[in-house]
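Down below is the structure, laid out as structure tokens.
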Amino acid sequence: MNTSTQHVNGQTRPIDSTRPTGPTDRAAVTKPRPPKAPTEDGGKKPSAAVRLVAMAREQYTFVMSTDGRPYAVAIDGPNLALPLRGRTGLRQRLARLYADTFEGDVASQSALADALTVLEGIADSDDPVPVHLRVGHDDAGTLVVDLGTADGRAVTLSAGGWHVVDRSPVLFRRSGAMAPMPTPILVGDGLSKLHALLNMDESTFRQLVAWLVAAWIPKIPHPVLTFKGEQGTGKSKTAQMVVNLIDPSPASKRSQPRDIKAWSAQAFNSWALCLDNISTIPPWLSDTLCKAVTGDGIVDRALYTDDDVVVLSFRRVLAMTTIDAGALAGDLAERLLMLDLQLIDEERRRTEEELDDAFEAVRPSVLGSLCDLLATVLAVLPSIHLATMPRMADFARVLAAVDQVMEWNTLDDYLAASANVAGDALEGDQFGSAVAALVEQAGTWTGTAAQLLEQAQPPGGVRPQNWPKDATRAGGKVKRLAPLLRSIGITVDDTQRSRDRHRSKLLILTRTDPPGESASAPPEPTLWPDVTPPGSGHLPPDQY
């Protein structure tokens, strides 16, 4: 190295001839940064939104449900539909994946929003697909029950038996109202183990078992299971155990919803719901429960839009508990399965903790027995034909199939109980009771709705607040009461007109013989049987 000397601060020091000796710009001597890595197309690096879309498409496929909601499905994972947005949706997972992939770099909210908009468009590019909640079925009619576990396992049920599969054959969605279900097993008679936890007589318990079996058949309407009894009969605890058998939830019992919007949010996110401690049923809730039994759809404006809408469509399995449901509307009364619970003796009463422990211990066995019975019912159901079809005809066919398999009489008991519920509902309606009393006295009554409103008198002569205010409301009320009146032998005909020039619509109320008693007398009440299990003699189908 060539060097010379110069004086610096009074000292003679060697000078490197290779270093610049004149004044220099600071930038000229600063160490330059390495050039940015070029992108594949030679331009600038892709944006965060582009990276998010690319990562999402590598790991997920995107579908649109039949109700117009976009979902992501993991390519290598359980057959579960993830909503694109929301606390447990794809948005949160993509944000975490981005931070892990790019060494702590965080995707902005705008980048995530742009990426999700693109993914929604991808989901909408194909035909909609069915997305099920807890219970579904494939094209061949095989029933599938989602166990709700993280690995996506499910139970398939058909006429050939039932199996636990590692991956569901149908697409399921999950909600925060769901909890995992234990794997069903066949150990002993699970039905007898369940009966030992419930204070029901044999007839009531058998109707409950038939309802539980039908609850996993998604294509039929299910009556509202109603536990009725005085305080101390264990209604709420019984309802909690029943709901946690077919659709476990951290909130298996719900309070009465305040409006239709609160109800629709609950019903959309649970396959089975229980309304606890219902004292009165307002008209809007009565109509809503009827629609949820047979299938309902609610259309609402999409968030932050003016002309876009969302649709909540569902058919649900419902239960409720009550001491006295009061005046039930006629259409709801026809959709109830009313089960009376017995008062629990003090020596048989157990603590909540004891019941919870006992239930958790027997639940896998109970589920196995229910799966076993359902598979057998599915095998005989196509051959079941009823001579007469009641209002809940599909459910009645399931009862008849259970009776054929188990040699029970649940259909007769259900029809008898339904007639009693209709009679009780009519007694709870003061206008209906007044109309019935008028017809009982006259035999056949003919007149206009205005004349009926004038002649039907309430007890004590004072019209209550819910009494029809005019002839139009009176005519509509009679039409709604027609099923209840028919149950006590009063027919309603509103197809005739008067022969005068006014051509007024006539109501013809005729007293007939009450419907024949088709139900057999229930057996003597037997609580907590410890002999002769309900399923004895039943040969389960081969599972494997």
Beyond-backbone contact of [X] with [Y], side-chain heavy atoms, under 4.5 angstrom:
X	Y	result
D494	L506	no
W271	H132	no
D403	D412	no
C371	L157	yes
S65	V129	no
L339	K228	no
D356	K237	yes
W162	D372	yes

To check you understand the geometry: which heavy-atom pair defines the closest contact between [X] and [Y], and what is its length?
X	Y	result
P250	A179	CD-CB, 4.0 Å
V366	G190	CG2-O, 3.3 Å
L481	G432	CD1-CA, 3.5 Å
P282	Q256	CD-NE2, 3.5 Å
M389	L386	SD-CB, 3.9 Å
T156	V144	CG2-CG2, 4.3 Å

Can you tell me if [X] uses its side chain to pair, donor with acceptor, with the backbone of [Y] under 3.5 Å?
X	Y	result
S252	P248	no
N269	S175	no
K235	G229	yes
T226	V224	yes
H222	V293	no
S418	Y414	yes
T238	G234	yes
R173	P83	no
R316	A292	no
R335	P223	no

[X] and [Y]: side-chain donor and acceptor closer than 3.5 Å?
X	Y	answer
W408	Q207	no
T410	D413	no
R254	S270	yes

Got a sec: does the [atom1] of [X] have more than 12 other heavy atoms crowding it under 6.0 Å?
X	atom1	answer
D127	CG	no
E454	CD	no
D500	CG	yes

Next on the checklist: One pair to check against side-chain contact (heavy atoms from CB on, under 4.5 Å): Y71 and V131. What are the steps and the verdict?
Outcome noted: CA-CA 9 Å; Y71 292 97; V131 179; 4.2 Å; yes

Item to check | Pair F227-V242, side-chain contact (heavy atoms from CB on, under 4.5 Å): steps then yes or no | outcome: CA-CA 11 Å; F227 294 106; V242 167; 4.0 Å; yes

Report the distance from atom [atom1] of [X] to atom [atom2] of [Y], rounding to the nearest 0.5 Å.
X	Y	atom1	atom2	value
C274	K253	SG	NZ	8.0 Å
L438	Q457	CG	CD	9.5 Å
L275	S255	CG	OG	9.0 Å
Q404	L381	CD	CG	10.0 Å
D276	T321	CG	OG1	3.5 Å
M392	L336	CE	CG	9.5 Å

Answer yes or no: is there an ion pair linking [X] with [Y], defined by an N-O contact shorter than 4.0 Å?
X	Y	result
R397	D394	no
R69	D67	yes
D146	R134	no

Item to check | H195 and F205 aromatic ring geometry - parallel, tilted or perpendicular at 30°/60° bounds | outcome: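 Aromatic pair F205/H195 classed parallel.
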
Next on the checklist: Go through it in stages, so that I can follow the logic: the residues are W445 and Q451, the test is side-chain contact (heavy atoms from CB on, under 4.5 Å), and I'd like the CA-CA distance, side-chain angles, deciding distance and then a yes or no.
Outcome noted: CA-CA 10 Å; W445 186 93; Q451 292 170 333; 4.2 Å; yes

Next on the checklist: Go through it in stages, so that I can follow the logic: the residues are V317 and W216, the test is side-chain contact (heavy atoms from CB on, under 4.5 Å), and I'd like the CA-CA distance, side-chain angles, deciding distance and then a yes or no.
Outcome noted: CA-CA 9 Å; V317 175; W216 282 337; over 6 Å; no

